[in-house]
Amino acid sequence: MVLIKHLSEYVGKEVTIKGWLYNKRSSGKVKFLIVRDGTGMLQCVVFKGNVSEEVFELSGNVGQEASVEIIGKVKEEPRAVGGYELDCTDVKLIGESNDYPITPKEHGIEFLMDHRHLWLRSKRQTAILKVRHRVIKAIRDFFDSRDFTLFDPPIITPNACEGTSTLFETEYFDLGPAYLTQSGQLYAEAGAMALGRVYTFGPTFRAEKSKTRRHLTEFWMVEPEVAFNDLDDNMDLAEEFLEYVVQTTINDCVEELEVLERDTTSLKRVKRPFPRVSYSEAVEILKRKGHEFEWGNDFGGADETIISEEFDRPVMVHRYPAEVKAFYMKRDPENPKLALAVDVLAPEGYGEIVGGSQREDNLDLLIERIKEHNLPQEFFEWYLDLRRYGSVPHSGFGLGLERTVSWICGLEHLREAIPFPRMIYRNTP
RNA sequence: UCCACAGUAGCUCAAUGGCAGAGCAUUCGGCUGUUAACCGAAGGGUUGUAGGUUCGAGUCCUACCUGUGGAGCCA
């Protein structure tokens, strides 16, 4: 059996192809079967004289997405998709398919989401899935080649990690309520104290009733955490990381991005150094552009878009008002109203793809913060131990995988960036 | 949670308050190079649900349900 993507090595030879019928056309004594196998598309030509009567009849009756085994001779053919076609000598039906719901015409989003398990077979969706895979590989390659250790945090946690978001709650035997993690970060800090440089990579959960194209209730996040890194080191790491992920992906996914009709000129500019502006400077940008904004608030989606339009590549916004950020972020020694936080805003309206900070490493200040946020200190004793025993400055950030995939693919909505999206009003299929 | 919009054939959509329609899909027939092929024919409907206005409602009104887009929150 030969994969369609490798067909160019078999010109003039007889091969066996196994796949699914994408579409078919016929013209009297000749039938064209367009077959896909997950690696490409192939036009298979069945001439009446070249096959048995049964096979010719079968070729006309295979339904869309029926699985088939096809034997034929490979030839170059500029008229066919992919540049090659198969001159068929035999066609076998493996699994029939009648009345396949997703026809080769337009469909509405509700219908497609209801049939997500089948929608995944389409050209556009397989292209996105391949880009997602390449992004994941780039993420892992980047950290693996820089002395990071993959560190898996728990998914079930006893407390709300940052104390702000709404979490999914479940009963945990006799121990009372437990929650699905919204971030592996606090645990990653323990990992960084053990291994120096770690990254977590896994699903995270938010029960916020967000209903926008930028939100999922279940999404994947990668979170590096590095001992002895300060905020500047953290920003250096984030920009090197983003450059690597974007550049390797657009290099290796040229065909997929073509299917998605993604203009990659702006992605090619994702090179170091990224512009760095403070929160206060970002507020000035908004005001200069005539948008009302009060210092001290967090940026909304529209604000982020306006700020990012000032620059030709991702922009790093640092030193936010501490009040809008999480309790564990270290304050700026030059201005205690500010947190040593950094968000990276992607261009083209894709918004915040990275959020990070230098962490508070002083035991007394951290206890103070926990009290200020009315968090139950007993749940954080283990976290405070990290400051009791050999505390060091350390920093890290989180990158949302689906937002990154959406940005690179140029998607309208995050739901296409993950095989089975979980959203406020949908948990099926 | 709030705001806006939508719901008609399997799908995508039409239909001035006056006979429920088209394209695609499906089935049948035609065509030896098709490119979301094309040509001909057939089958396919409790117009989201419940009320109301009207001689008459897919169309107007009320409530509800479902979905879509956005806000807030966030990655």
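Each chain gets a letter, A, B and so on, in the order the sequences are listed, and its residues count up from 1.
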Taking atom [atom1] in both [N] and [M], what distance in whole Å separates the two?
| N | M | atom1 | answer |
| --- | --- | --- | --- |
| B:G17 | B:U59 | C1' | 7 Å |
| B:C39 | B:U49 | P | 35 Å |
| B:U12 | B:G30 | P | 33 Å |
| B:C28 | B:G44 | C1' | 15 Å |
| B:U47 | B:C19 | C1' | 15 Å |
| B:A6 | B:G45 | P | 27 Å |
| B:U62 | B:C5 | P | 12 Å |
| B:A22 | B:G43 | P | 11 Å |

Could you tell me whether [X] contacts a base, only the sugar-phosphate backbone, or nothing, with contacts defined as non-hydrogen atoms closer than 4.0 Å?
| X | value |
| --- | --- |
| A:I102 | nothing |
| A:D298 | sugar-phosphate |
| A:D343 | nothing |
| A:L414 | base |
| A:Y100 | nothing |
| A:V354 | sugar-phosphate |
| A:H115 | nothing |
| A:S26 | base |

Heavy atoms from C-beta onward define the side chain here; which of [options] lies closest to that of [X]?
| X | options | result |
| --- | --- | --- |
| A:F47 | B:U68, B:U32, B:C74 | B:U32 |
| A:H215 | B:C24, B:C74, B:A71 | B:C74 |
| A:F32 | B:G33, B:U68, B:G67 | B:G33 |
| A:E110 | B:G67, B:C74, B:U26 | B:G67 |
| A:E77 | B:C74, B:G33, B:C73 | B:G33 |
| A:K75 | B:G33, B:U1, B:G10 | B:G33 |
| A:R25 | B:U34, B:C11, B:G72 | B:U34 |
| A:E106 | B:C74, B:U12, B:G33 | B:U12 |

Determine the interplanar angle of the A:F327 and A:F380 rings, folded into 0 to 90°, and report it as parallel if under 30°, tilted if 30 to 60°, perpendicular if over 60°. perpendicular

Does any nucleotide pair with [N] by Watson-Crick or G-U wobble geometry, both distances under 3.5 Å, and what is it?
| N | answer |
| --- | --- |
| B:U26 | B:A42 |
| B:U68 | B:A4 |
| B:C31 | none |
| B:G18 | B:C55 |

Please check if the distance between the ring centroids of [X] and [Y] is under 6.0 Å.
| X | Y | value |
| --- | --- | --- |
| A:F111 | A:W119 | no |
| A:Y10 | A:H6 | no |
| A:F299 | A:Y279 | yes |

Counting only side-chain nitrogens and oxygens, does [X] get under 4.0 Å of the OP1 or OP2 atom of [N]?
| X | N | result |
| --- | --- | --- |
| A:R415 | B:G69 | yes |
| A:H107 | B:C13 | no |
| A:K209 | B:U1 | yes |

Does any donor-acceptor pair link the side chain of [X] with the base of [N] at a separation under 3.5 Å?
| X | N | result |
| --- | --- | --- |
| A:T103 | B:C11 | no |
| A:Q43 | B:U34 | yes |
| A:E85 | B:G33 | yes |
| A:K211 | B:G72 | no |

Output the rounded distance in Å from [atom1] ([X]) to [atom2] ([N]).
| X | N | atom1 | atom2 | value |
| --- | --- | --- | --- | --- |
| A:K29 | B:C38 | NZ | P | 20 Å |
| A:L86 | B:G33 | CG | C1' | 16 Å |
| A:I424 | B:G69 | CD1 | P | 13 Å |
| A:K48 | B:C31 | NZ | C1' | 12 Å |
| A:Q64 | B:U26 | CD | C1' | 12 Å |
| A:E96 | B:U26 | CD | C1' | 14 Å |
| A:Y22 | B:U34 | OH | P | 20 Å |
| A:D114 | B:U12 | CG | P | 10 Å |

Ion pair check, A:K330 and A:D361, cut-off under 4.0 Å: yes

With a 4.5 Å cut-off on side-chain heavy atoms, are A:P421 and A:R426 touching? no

More 5' along RNA chain B: A:D87 or A:E402, using each one's nearest nucleotide?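 Checking each residue's closest nucleotide, the 5'-ward one belongs to A:D87.
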
Which residue, A:I109 or A:A80, contacts RNA chain B at a nucleotide closer to its 5' end, judged by nearest heavy atom?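 The residue mapped nearer the 5' terminus is A:A80.
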
Report the residue from A:H394, A:R369, A:E368 that forms a side-chain contact (heavy atoms from CB on, under 4.5 Å) with A:E360.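 With A:E360 as partner, side-chain contact (heavy atoms from CB on, under 4.5 Å) holds for just one option, A:R369.
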
Tell me, yes or no, whether the heavy-atom count around A:K73 atom NZ, taken from other residues, nucleotides or ligands under 6.0 Å, exceeds 12. no

Cation over ring face, A:K287 and A:F293, 6.0 Å, 45°: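 Relative to the ring axis of A:F293, which defines the angle, A:K287 lies outside at least one limit.
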
